[in-house]
Chemist: 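Take this structure, written in structure tokens, and hold onto it; I'll ask about it next.
Note that this is a predicted model, so its numbers are computed, not measured. A, B, ... follow the sequence lines: proteins, then strands. Residue 1 opens every chain.
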Amino acid sequence: MPELPEVEMVARGLRAPLTGRRVQGLWSDWPRVMHSPPTEEFAARIDGQVFRAVSRRGKFLLCALDSETLIVHLRMTGRLYVAANEKQVEADRWVHFRLQLDEGLQLRFSDARKFGRVWLTANPATVTSALGPEPLSRHFTSRWLRKRLQDRSRAIKPLLLDQGFLAGVGNIYADEALNHARIHPLRPANSLGEAEARALHRALRAALRAGIEHEGASINWYRKPDGSRGESQSHFRVYGRNGEPCPRCATPVVKSVVAQRGTHFCPRCQPAP
DNA sequence: CGGACAACCTGGCGGC
DNA sequence: TGCCGCCAGGTTGTCC
């Protein structure tokens with residue numbers, strides 16, 4: 001669950017249960033999950049600190065402690081959540097990093113593929129400084145995008161996936177935004193006209209905002225007491241809809257490979273360059 | 001600069 | 001049921 005909207009929902013969900021909790025110990029059975037510092041130092045430095053705030057930058061989760069920040073990147077399969085001691089321990093065999101908290105709680109990092117990483121640093125900027133702007137902030141303007149596209153010959157989709165260009169966009173939302181803006185994923189960035197750049201700017205923000213809203217919706221469903229899943233169909237326009245009709249023109253959505261990533265688009269609305 | 005590809009890891013799924 | 005190959009929402013390093 002790891003693009004900007006999903007990470008944002010994790011940050012929001014952790015804020016209440018985590019804020020004010022004190023760390024009382026660290027456990028891990030996969031030392032590589034700690035990018036830095038190494039296990040022993042990590043454990044010594046984090047012990048006794050209290051969580052003060054939870055935020056997000058790109059796809060990074062930032063958990064501010066008294067004097068340092070715990071940073072988490074979920075990568076492909078990471079999940080970060082607070083749970084009561086012991087409970088669900090057997091149910092989640094993919095927890096490779098855990099912080100013991102006060103009040104009988106634990107912060108667990110579960111990650112089947114072991115791609116995710118955690119950092120502990122007094123200066124979070126050392127981890128996040130290379131990131132581009134936040135797509136939902138006011139710094140990300142249509143004008144900024146247009147200007148930055150001008151000096152890039154790269155295909156637009158891999159450019160959108162470049163976290164140094166723009167923070168937080170991943171494979172799903174890149175496809176969604178490009179379809180909405182009617183731009184083929186292989187179009188050179190500097191070939192986009194002014195109107196297209198404006199459409200892309202709007203589409204990116206709309207897709208990410210919609211993603212956040214639907215995450216909220218799915219969380220509400222998840223809490224339904226009867227356990228029913230509601231209609232769990234995706235809200236995506238093209239992602240995962242290979243062969244299904246484009247929402248705008250009904251032409252079947254095509255799935256191809258662009259920049260080594262599965263890529264969905266409408267061959268009619270998004271004509272090849 | 002940019003594209004291609006291998007690595008890092010494991011689980012789920014479709015096909016036979 | 002069992003095995004096999006392929007796919008996966010991410011990132012980084014190397015090579016051309």
Side-chain angles (χ1 to χ4, degrees), chain A residues 1-11 28-36 56-61 71-80 91-97 109-119 126-132 135 148-179 184-192 204 207-212 214-215 218-219 232-243 253-265 273:
Chain A
M1 45 173 340
E3 294 184 40
L4 186 154
E6 292 74 26
V7 179
E8 176 64 26
M9 292 312 295
V10 173
S28 174
D29 67 351
W30 184 255
R32 294 175 65 176
V33 71
M34 284 160 279
H35 181 281
S36 61
R56 176 194 62 73
R57 175 78 173 93
K59 300 173 192 171
F60 290 91
L61 282 159
I71 302 180
V72 179
H73 197 301
L74 305 172
R75 290 284 179 93
M76 299 283 271
T77 52
R79 295 198 314 127
L80 189 68
D92 193 341
R93 49 191 264 241
W94 295 294
V95 175
H96 298 295
F97 177 90
F109 185 38
S110 168
D111 186 10
R113 282 176 80 176
K114 298 179 176 172
F115 282 179
R117 292 291 180 267
V118 301
W119 294 252
T126 58
V127 178
T128 62
S129 63
L131 293 175
R148 290 297 311 275
L149 291 177
Q150 278 173 6
D151 42 61
R152 298 296 216 115
S153 59
R154 216 177 166 186
I156 187 63
K157 172 159 178 182
L159 184 61
L160 292 178
L161 296 179
D162 183 343
Q163 302 299 295
F165 180 78
L166 189 61
V169 177
N171 202 40
I172 292 178
Y173 294 97
D175 282 1
E176 292 295 292
L178 288 171
N179 174 76
H184 190 282
L186 283 176
R187 287 277 303 283
N190 58 12
S191 77
L192 300 200
L204 281 164
L208 294 169
R209 285 214 181 92
I212 291 173
H214 293 139
E215 274 299 300
S218 63
I219 283 173
S232 66
Q233 59 179 342
S234 90
H235 299 277
F236 301 129
R237 304 169 58 90
V238 289
Y239 183 82
R241 293 192 182 282
N242 187 18
V253 169
V254 168
K255 180 177 181 187
S256 67
V257 176
V258 171
Q260 296 80 238
R261 310 296 303 278
T263 296
H264 314 73
F265 65 96

Chemist: Rounded off to whole Å, could you give me the CZ-to-P distance for the A/Phe165 and B/dC1 pair?
Modeler: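 So the CZ-P distance, A/Phe165 to B/dC1, works out to 13 Å.
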Chemist: Looking at A/Thr77, I'd like to know whether one of its side-chain N or O atoms comes within less than 4.0 Å of OP1 or OP2 on B/dT10.
Modeler: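 The answer is no; no side-chain N or O of A/Thr77 sits under 4.0 Å from OP1 or OP2.
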Chemist: Any chance the side chains of A/Asn190 and A/Ser153 put a donor and an acceptor closer than 3.5 Å?
Modeler: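 Side-chain D/A pair, A/Asn190 to A/Ser153: absent.
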Chemist: Starting from C1' on C/dG9, measure out to CD1 on A/Ile172 and report it in whole angstrom.
Modeler: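 In whole Å, C/dG9 C1' lies 4 Å from A/Ile172 CD1.
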Chemist: Look only at the side chain of A/Asn179 and the backbone of A/Phe265, and say whether a donor-acceptor pair between them is shorter than 3.5 Å.
Modeler: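 Looks like no, no N/O pair under 3.5 Å.
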Chemist: Tell me whether the side-chain N/O atoms of A/Arg261 come closer than 4.0 Å to OP1 or OP2 in C/dC7.
Modeler: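 No, outside the criterion.
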Chemist: Taking only N and O in the side chain of A/Arg152, is any of them less than 4.0 Å away from OP1 or OP2 of B/dG2?
Modeler: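 Answer is yes, contact under 4.0 Å.
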Chemist: Whole angstrom is fine here: how far is it from CG in A/Leu4 over to P in C/dG9?
Modeler: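 The distance from CG of A/Leu4 to P of C/dG9 comes to 17 Å, rounded to the nearest Å.
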Chemist: Taking only Watson-Crick and G-U wobble pairs with both distances under 3.5 Å, what dot-bracket line describes DNA chain C, where [ ] shows pairs that cross earlier ones and | shows pairs with another strand?
Modeler: .|||||||.|||||||
Chemist: Starting at atom CG of A/Leu186, determine the distance to atom P of B/dG2, rounded to an integer number of angstrom.
Modeler: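 A/Leu186 atom CG is separated from B/dG2 atom P by 14 Å.
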Chemist: Atom CG of A/Leu149 to atom P of B/dG2: distance rounded to whole Å?
Modeler: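 My rounded result for the distance is 12 Å.
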Chemist: Base, sugar-phosphate alone, or nothing: which one does A/Tyr173 contact when heavy atoms must sit under 4.0 Å apart?
Modeler: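 Here A/Tyr173 touches no strand at all.
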Chemist: What I want to check is whether the side chains of A/Thr263 and A/Lys157 have a donor and an acceptor closer together than 3.5 Å.
Modeler: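 Yes.
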Chemist: At under 4.0 Å between heavy atoms, what does A/Ala155 touch on the DNA or RNA strands: base, sugar-phosphate, or nothing?
Modeler: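 Result for A/Ala155 = sugar-phosphate.
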Chemist: So does A/Val169 get a backbone contact from the side chain of A/Gln163, meaning a donor-acceptor N/O pair under 3.5 Å?
Modeler: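 Here the side-chain-to-backbone pair exists.
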Chemist: Are the side chain of A/Ser36 and the backbone of A/Trp119 linked by a donor-acceptor contact shorter than 3.5 Å?
Modeler: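 Here the side-chain-to-backbone pair does not exist.
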Chemist: Considering only side-chain heavy atoms of A/Arg32, which listed nucleotide, B/dC8, B/dT10, C/dG10, is closest?
Modeler: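 Among B/dC8, B/dT10, C/dG10, the one nearest the side chain of A/Arg32 is B/dC8.
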Chemist: Search all heavy atoms of A/His184 against all heavy atoms of A/Ile156 and return the closest pair with its distance.
Modeler: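 Scanning both residues completely, I find the closest heavy atoms to be O-CG2, 3.5 Å.
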Chemist: Before accepting this row, confirm whether a basic side-chain N of the pair A/Arg261/A/Asp175 lies closer than 4.0 Å to the acidic partner's carboxylate O.
Modeler: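 Looking at A/Arg261 and A/Asp175, the cut-off is not met.
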Chemist: Among B/dG11, C/dT11, C/dA8, which is the nearest nucleotide to the side chain of A/Ala112?
Modeler: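 The answer is B/dG11.
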Chemist: Tell me whether the ring of A/Phe115 lies stacked over the B/dC8 base, given a 5.5 Å limit on centroids and a 30° limit on the plane angle.
Modeler: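 Yes; centroid distance and tilt both under limits.
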Chemist: Respond yes when some side-chain nitrogen or oxygen of A/His73 is under 4.0 Å from OP1 or OP2 of C/dG10, and no when none is.
Modeler: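 The answer is no; no side-chain N or O of A/His73 sits under 4.0 Å from OP1 or OP2.
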Chemist: Given the C1' atoms of C/dG10 and B/dC1, what is the spacing between them in whole Å?
Modeler: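 These two C1' atoms come out 22 Å apart once rounded.
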Chemist: Quick one: does A/Leu166's side chain get under 4.5 Å of A/Leu204's, heavy atoms only?
Modeler: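 Counting from C-beta outward, A/Leu166 and A/Leu204 do come under 4.5 Å.
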Chemist: Expressed in angstrom and rounded to an integer, what is the separation of A/Arg154 atom CZ from B/dA4 atom C1'?
Modeler: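 Value for this atom pair: 12 Å.
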Chemist: For B/dC9 and C/dC4, measure between their P atoms and round to the nearest Å.
Modeler: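 It comes out at 23 Å once rounded to the nearest Å.
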Chemist: Of the nucleotides C/dC7, C/dG9, B/dT10, which one has an atom closest to the side chain of A/Lys114?
Modeler: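 In terms of side-chain proximity for A/Lys114, the closest of C/dC7, C/dG9, B/dT10 is B/dT10.
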Chemist: What nucleic acid atoms does A/Gln163 come within less than 4.0 Å of, heavy atoms only: base, sugar-phosphate, or nothing?
Modeler: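 The residue A/Gln163 makes sugar-phosphate contact but no base contact.
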Chemist: May I have the distance from A/Leu161 (atom CG) to B/dG3 (atom P), rounded to whole angstrom?
Modeler: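 Roughly 12 Å, once rounded to whole Å.
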Chemist: For C/dT11, does either OP1 or OP2 sit under 4.0 Å from a side-chain N or O belonging to A/Lys59?
Modeler: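 True: A/Lys59 side-chain N/O within range (under 4.0 Å) of C/dT11 OP1/OP2.
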Chemist: Please measure how far the P atom in B/dA6 lies from the corresponding atom in C/dC6, and state the result in whole Å.
Modeler: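 Approximately 13 Å lies between the P atom of B/dA6 and that of C/dC6.
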Chemist: The side chain of A/Met76 lies closest to which of these nucleotides: B/dG11, B/dC9, C/dG9?
Modeler: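 Within the option list, the nearest is C/dG9.
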Chemist: Are A/Arg237 and A/Glu176 close enough for a salt bridge, meaning some N to O gap below 4.0 Å?
Modeler: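 No, no charged N to carboxylate O under 4.0 Å.
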Chemist: OP1, OP2 of B/dC9 versus side-chain N and O of A/Trp94: anything below 4.0 Å?
Modeler: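 Answer is no, no contact under 4.0 Å.
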Chemist: A/Asp92 has an atom CG; how far is it from atom P of B/dG11, in whole Å?
Modeler: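 The distance from CG of A/Asp92 to P of B/dG11 comes to 12 Å, rounded to the nearest Å.
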Chemist: Looking at B/dC5, B/dT10, C/dG10, which one has an atom nearest to any side-chain atom of A/Gln260?
Modeler: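 Of all the options, the side chain of A/Gln260 is nearest to B/dC5.
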